[in-house]
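Notes to accompany the following structure.
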Amino acid sequence: MNSTDPVQEPLPARPAATVMLVRDAEAGSKAGLSLFLMRRHARMEFAPGVIVFPGGGVDDRDRNAEIAWVGPPPKWWAQRFGIETDLATALVCAAARETFEESGVLFAGPAGQDVSAPHSIVGDASVYSDARRALADHTLSFADFLQTEKLVLRSDLLRPWANWVTPEAERTRRYDTYFFVGALPEGQRADGDNTESDRAGWALPQDAIDDFEAGRNVLLPPTWTQLDSLVGRTVAEVMAVERQIAPVQPILEKRGDNWVFEFFDSDRYHRAREAGGAMHWPL
């Protein structure tokens with residue numbers, strides 16, 4: 001943008017939730033944890049081909065929803081994220097709903113059951129496959145699904161991790177994204193059975209970072225940063241972290257024919273990006 005260009009108001013940033021689904025690496029491994037990662041379809045309008053975690057925007061199904069849950073209440077989440085209680089409620093609901101829709105993993109358990117009791121968490125979420133499809137096509141709300149199946153959302157299976165806001169210079173769409181971390185419940189499995197990704201699977205965070213540096217995948221700054229923050233950690237260590245979340249909003253600067261992200265660790269990110277080959281924005 002030069003001095004003669006008209007000043008444009010930034011697009012509004014839509015609240016969104018994304019979940020870093022983690023599990024311990026294979027027994028005997030010293031690698032720590034692995035994460036469930038998906039690659040967005042090349043045909044997607046926004047960020048095609050990019051590696052992402054399960055997640056998406058908060059919608060009307062998540063707001064003012066009568067959803068029973070067990071674990072930290074909305075006020076606790078609001079304090080950790082530094083936001084209003086109503087938004088915190090919607091974000092936790094969106095995090096659980098989107099994870100189920102996109103990976104088949106369900107952070108829920110039978111209503112009225114002691115959380116320390118055996119089978120207090122859903123062990124096989126595949127039995128709800130019909131509901132999963134209905135949630136994805138917006139013909140069923142998450143609240144109605146839980147109520148019908150006599151389930152409660154288990155917010156104690158999630159932890160707050162980060163908050164990234166799309167740069168103001170982005171003219172396509174902007175998100176105010178809240179990152180959660182959640183451990184894969186015992187007995188459940190994650191898949192990539194959704195309409196937005198063409199590849200999904202588990203990877204060590206360092207392996208995903210190395211693939212980016214080798215030009216084998218595409219990581220945007222928020223994803224790269226979260227992967228970097230989990231290298232060498234175990235699931236138990238991650239779930240024990242108590243964080244007060246502060247928002248991060250990178251700056252998007254025009255340099256020649258390319259747009260470049262600037263943020264607190266951007267030098268390391270750009271060295272990795274350049275080693276893997278030129279990656280231009282917009283994608």
Practice task
Could you tell me whether the side chain of F212 reaches within less than 4.5 Å of the side chain of I51, counting heavy atoms only?
Solution key: no

Completion exercise
Separation between CE (M38) and CZ (F53), nearest 0.5 Å, reads 10.0 Å

Practice task
Indicate, with yes or no, if L91 and V152 share a hydrophobic cluster defined by side-chain heavy-atom contacts under 4.5 Å among Ile, Leu, Val, Met, Phe, Trp and Tyr.
Solution key: no

Practice task
Would you check if the side chain of T139 reaches a backbone N or O of A134 as a donor-acceptor pair within less than 3.5 Å?
Solution key: yes

Completion exercise
Residues Q188 and A125: closest non-hydrogen pair is OE1-CB, 3.7 Å

Exercise for the section: Would you please indicate if the ring centroids of F145 and F100 are separated by under 6.0 Å? Expected result: yes

Between side-chain atoms of residues 226-250 and protein atoms elsewhere (two or more places apart, or another chain), which donor-acceptor pairs fall under 3.5 Å?
{"unit_1": "Q226", "atom_1": "NE2", "unit_2": "P222", "atom_2": "O", "d": "3.2"}
{"unit_1": "D228", "atom_1": "OD1", "unit_2": "R268", "atom_2": "NH2", "d": "3.1"}
{"unit_1": "D228", "atom_1": "OD2", "unit_2": "R268", "atom_2": "NH1", "d": "3.1"}
{"unit_1": "S229", "atom_1": "OG", "unit_2": "W161", "atom_2": "NE1", "d": "3.0"}
{"unit_1": "S229", "atom_1": "OG", "unit_2": "Q226", "atom_2": "O", "d": "2.6"}
{"unit_1": "R233", "atom_1": "NE", "unit_2": "S229", "atom_2": "O", "d": "2.8"}
{"unit_1": "T234", "atom_1": "OG1", "unit_2": "E237", "atom_2": "N", "d": "3.1"}
{"unit_1": "E237", "atom_1": "OE1", "unit_2": "T234", "atom_2": "N", "d": "3.0"}
{"unit_1": "R243", "atom_1": "NH1", "unit_2": "W161", "atom_2": "O", "d": "2.7"}
{"unit_1": "Q244", "atom_1": "NE2", "unit_2": "Q79", "atom_2": "O", "d": "2.7"}
{"unit_1": "Q244", "atom_1": "NE2", "unit_2": "R80", "atom_2": "O", "d": "3.1"}

Fill in the blank from the handout: Smallest heavy-atom separation, W77 atom then S155 atom, equals CZ2-O, 3.4 Å

Handout entry: Atom pair CD (E196) and CD (E102), whose distance is rounded to the nearest 0.5 Å
Key = 5.0 Å

Practice task
Could you check if a side-chain atom of V92 sits within less than 4.5 angstrom of a side-chain atom of F107, using non-hydrogen atoms only?
Solution key: no

Handout entry: Expected output: side-chain H270 to main-chain E262 donor-acceptor under 3.5 Å
Key = no

Practice task
Consider only side-chain heavy atoms of I, L, V, M, F, W and Y, link residues closer than 4.5 Å, and tell whether L184 and V127 are in one cluster.
Solution key: yes

Fill in the blank from the handout: Interatomic distance, CG@D198 vs CZ@R39, rounded to 0.5 Å, equals 4.0 Å

Problem - Side-chain heavy atoms of D156 within contact of P72, under 4.5 Å - result: yes

Exercise for the section: Please examine the side chains of T99 and F180, heavy atoms only from C-beta on, and report whether any two atoms are closer than 4.5 Å. Expected result: no

Fill in the blank from the handout: All heavy atoms of L219 vs all of A208, minimum pair found to be CD1-O, 3.7 Å

Handout entry: Minimum side-chain heavy-atom gap D114-S120 below 4.5 Å
Key = no

Problem - Single-linkage hydrophobic cluster, 4.5 Å side-chain cutoff, L151 and L158 together - result: yes

Practice task
Look at the side chain of T85 and the backbone N and O of K75, then say whether any donor-acceptor pair between them is shorter than 3.5 Å.
Solution key: no

Practice task
Kindly assign one of parallel, tilted or perpendicular to the pair Y269 and W224, based on the angle between their ring planes and the thresholds 30° and 60°.
Solution key: perpendicular

Exercise for the section: First locate atom CZ of R132, then atom CG of D137, and finally report the distance between them rounded to the nearest 0.5 Å. Expected result: 12.5 Å

Exercise for the section: Mind listing the closest non-hydrogen atom pair of C93 and W69 along with its distance? Expected result: SG-CZ3, 4.2 Å

Completion exercise
Heavy-atom nearest pair, I121 first then R154, reads CG1-NH1, 3.3 Å

Completion exercise
Of all heavy-atom pairs linking L135 and R61, the shortest is O-NH1, 2.6 Å

Exercise for the section: Considering only NZ, NE, NH1 and NH2 on the basic side and carboxylate oxygens on the acidic side, decide whether R63 and D60 come within less than 4.0 Å. Expected result: no

Fill in the blank from the handout: In this structure, CG of D265 is separated from CG of D267 (nearest 0.5 Å) by 8.0 Å

Practice task
For the pair T18 (side chain) and P54 (backbone), establish whether a donor and an acceptor sit closer than 3.5 Å, ignoring hydrogens and angles.
Solution key: yes

Practice task
Is it possible for you to say whether V165 and L220 belong to one hydrophobic cluster, with membership spreading through side-chain heavy-atom contacts below 4.5 Å?
Solution key: no

Practice task
Any chance you could measure L153, atom CG, to F142, atom CZ, to the nearest 0.5 Å?
Solution key: 5.0 Å

